[in-house]
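Heavy atoms only: backbone and side chains are in, while hydrogens, waters and symmetry mates are out. Everything numeric here is computed off the predicted structure, so don't read it as measured data.
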Amino acid sequence: MSLVLEKARVAFQGEPGAFSEAAALQLLGTGIATVPRPTFDAAFRAIAEGLADALLAPVENTLAGSVVRVYDLLLESNLSIVAETILPIEHHVIGCPGATLEGLQVVASHPMALAQCEQFFISHPQVKRVPTEDTAGSVKEALARGDKSFAGIAGRRAAEYYRGVILAENIQDNEENFTRFVLLVPENEATKHMRPNAHKMSLAMRLAHRPGALLASLEPFAKYSVNLQKIESRPIHGSPWEYQFFLDVEAKEELRLEQALAEVRTATSFVRVLGLYPAAQRAGA
């Protein structure tokens, strides 16, 4: 990663201690200044408002799938992906100093985190689950309350940041729980952060209205030995029953990507490259 970004102000959605903040530090190191924002919309405005130099956003979870709001905002923005990182998602029950697992009555967290810890609630039927805006925010609330019967579910960084006590570790139902995050910068700055091993590309495309349009748009990837890692359709806002496709592709050489992309453009009505960047190391690789 460029030295510029290793000292950057990086916006993320959530409270300090959130998984997104942990992912930003994992990718860029502790030299960055993290900028918490309350919503994805606010996070995407942070650069334009002069509050941040870059943005770290989640795009996909191995259990819950794509973060659709992020894809919508990315397409509406003038930002480009320059890096990605994959963070293991480990959920912990975090309470006030002096709290005990047996004394808990309420555990709060983001609805997705609560859903990913179903076995914990089955084995602790006395505990009521309460949805909140984000995981780290639930720990912040628990510590602010000072109520030993109230706890939050979040990552280890939240416990460290708010000085909470971990009452139960790794309570997620599925250990194969990972989230992929992307680092975004203004499109006109993306080239200065380009790295030699940038062989993964994310793009959005819309198809021409003719039979075989999808097949014609995908054939160039096979022709030039480009690996199609992901394809997903999303409605086009303002155009009912029309869809655009988001793709992640990867090749051993950038030239293969360029050759395939040139032919894809002739087979589609719209193509936008969302980023060219190095592929993150896969879990267990």
Side-chain angles (χ1 to χ4, degrees), residues 9-40 42-43 52 56-58 61-64 67 85-179 181 283:
R9 299 169 299 162
V10 181
F12 67 94
Q13 185 276 324
E15 295 281 356
F19 286 114
S20 291
E21 185 181 47
L25 294 167
Q26 173 179 277
L27 177 63
L28 298 171
T30 56
I32 62 171
T34 53
V35 182
R37 302 287 281 166
T39 64
F40 285 129
L56 199 287
N61 176 265
T62 51
L63 302 181
V67 185
T85 191
I86 297 172
L87 185 75
I89 303 301
E90 297 175 344
H91 293 306
H92 311 300
V93 178
I94 303 167
C96 304
T100 64
L101 193 59
E102 294 73 21
L104 289 183
Q105 296 177 12
V106 176
V107 171
S109 195
H110 187 277
M112 186 180 297
L114 295 174
Q116 293 177 353
C117 301
E118 190 66 32
Q119 289 303 315
F120 171 82
F121 290 101
I122 290 174
S123 58
H124 297 84
Q126 81 282 3
V127 175
K128 178 183 177 182
R129 66 185 87 187
V130 174
T132 58
E133 288 295 324
D134 62 79
T135 53
S138 70
V139 177
K140 178 181 180 181
E141 181 180 356
L143 272 293
R145 282 172 174 247
D147 182 351
K148 295 179 182 178
S149 68
F150 187 100
I153 293 176
R156 190 173 299 276
R157 179 168 175 78
E160 295 169 351
Y161 186 90
Y162 297 107
R163 298 184 179 180
V165 176
I166 295 179
L167 305 176
E169 292 185 309
N170 298 322
I171 65 166
Q172 64 275 5
D173 297 332
N174 193 320
E175 292 183 0
E176 297 301 314
N177 188 357
F178 301 88
T179 297
F181 296 82

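- Side-chain N or O atoms of Ser149 include none that pairs as donor or acceptor with a backbone N or O of Leu104 at under 3.5 Å.
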Go through Val67 and Asn61 one step at a time and tell me if the side chain to side chain contact (heavy atoms under 4.5 Å, CB included) criterion holds.
-> CA-CA 8 Å; Val67 185; Asn61 176 265; 5.9 Å; no

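- No more than 12 heavy atoms of other residues, nucleotides or ligands lie within 6.0 Å of CD in Glu175, so this atom counts as exposed by the packing criterion.
- Of the inter-residue distances, the one linking Glu133 atom CD with Lys140 atom NZ reads 12.5 Å to the nearest 0.5 angstrom.
- One N or O on the side chain of His92 and one on the backbone of Asn170 form a donor-acceptor pair closer than 3.5 Å.
- Cys117 SG to Asn174 CG: the interatomic distance, rounded to the nearest 0.5 Å, is 11.0 Å.
- Ion pairing of Arg157 with Glu90 is absent here, as no side-chain N (NZ or NE/NH1/NH2) approaches a carboxylate O to less than 4.0 Å.
- Formation of a donor-acceptor pair under 3.5 Å by the Asp134 side chain with backbone atoms of Gly137 is found in this model.
- Here the CD-CD distance, from Gln126 to Glu102, works out to 8.5 Å after rounding to the nearest 0.5 Å.
- Side-chain atoms of Phe40 and Pro58, non-hydrogen and from C-beta on, do get closer than 4.5 Å to each other.
- The heavy-atom pair separating Ala151 from Gly95 by the smallest distance is CB-CA, 4.1 Å.
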Intermediate values then yes/no, side chain to side chain contact (heavy atoms under 4.5 Å, CB included), Glu21 and Glu15 = CA-CA 8 Å; Glu21 185 181 47; Glu15 295 281 356; over 6 Å; no

Given Leu143 and Arg163, is the side chain to side chain contact (heavy atoms under 4.5 Å, CB included) satisfied, shown in steps?
-> CA-CA 8 Å; Leu143 272 293; Arg163 298 184 179 180; 5.5 Å; no

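- Heavy atoms from other residues, nucleotides or ligands lying under 6.0 Å from CD of Gln26 number more than 12.
- Nearest approach of Ala113 to Thr135, heavy atoms of both residues: CB-CG2, 3.8 Å.
- For the pair His124 and Leu101, the minimum side-chain heavy-atom distance is below 4.5 Å.
- The two residues Ile94 and Val139 come nearest to each other via the heavy atoms CG2-CG1, 3.7 Å.
- Rounding to the nearest 0.5 angstrom, the gap separating the CD1 atom in Ile153 from the CE atom in Met112 is 13.5 Å.
- The two residues Ala142 and Cys96 come nearest to each other via the heavy atoms O-SG, 3.1 Å.
- Closest heavy-atom contact between Ala23 and Phe181: CB-CD1, 3.5 Å.
- Side-chain atoms of Gln172 come within 3.5 Å of backbone N or O of His91 as a donor-acceptor pair.
- In this structure a side-chain-to-backbone donor-acceptor pair under 3.5 Å is present from Thr62 to Phe178.
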After noting the C-alpha distance and the side-chain angles of Phe121 and Val107, does the key distance pass the side chain to side chain contact (heavy atoms under 4.5 Å, CB included) rule?
-> CA-CA 9 Å; Phe121 290 101; Val107 171; 4.1 Å; yes

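- Across every non-hydrogen atom of Ala22 and Leu87, the tightest pair is CB-CD2, 4.2 Å.
- With Ile32 as the fixed residue, the side chain to side chain contact (heavy atoms under 4.5 Å, CB included) test singles out one of Val10, Leu27, Leu56: Val10.
- Of the possible polar contacts, none joining the Tyr162 side chain to the Ala144 backbone as a donor-acceptor pair under 3.5 Å is found.
- A side-chain donor-acceptor contact under 3.5 Å links Ser138 to the backbone of Ala108.
- The shortest distance between side-chain heavy atoms of Phe19 and Thr179 does not fall below 4.5 Å.
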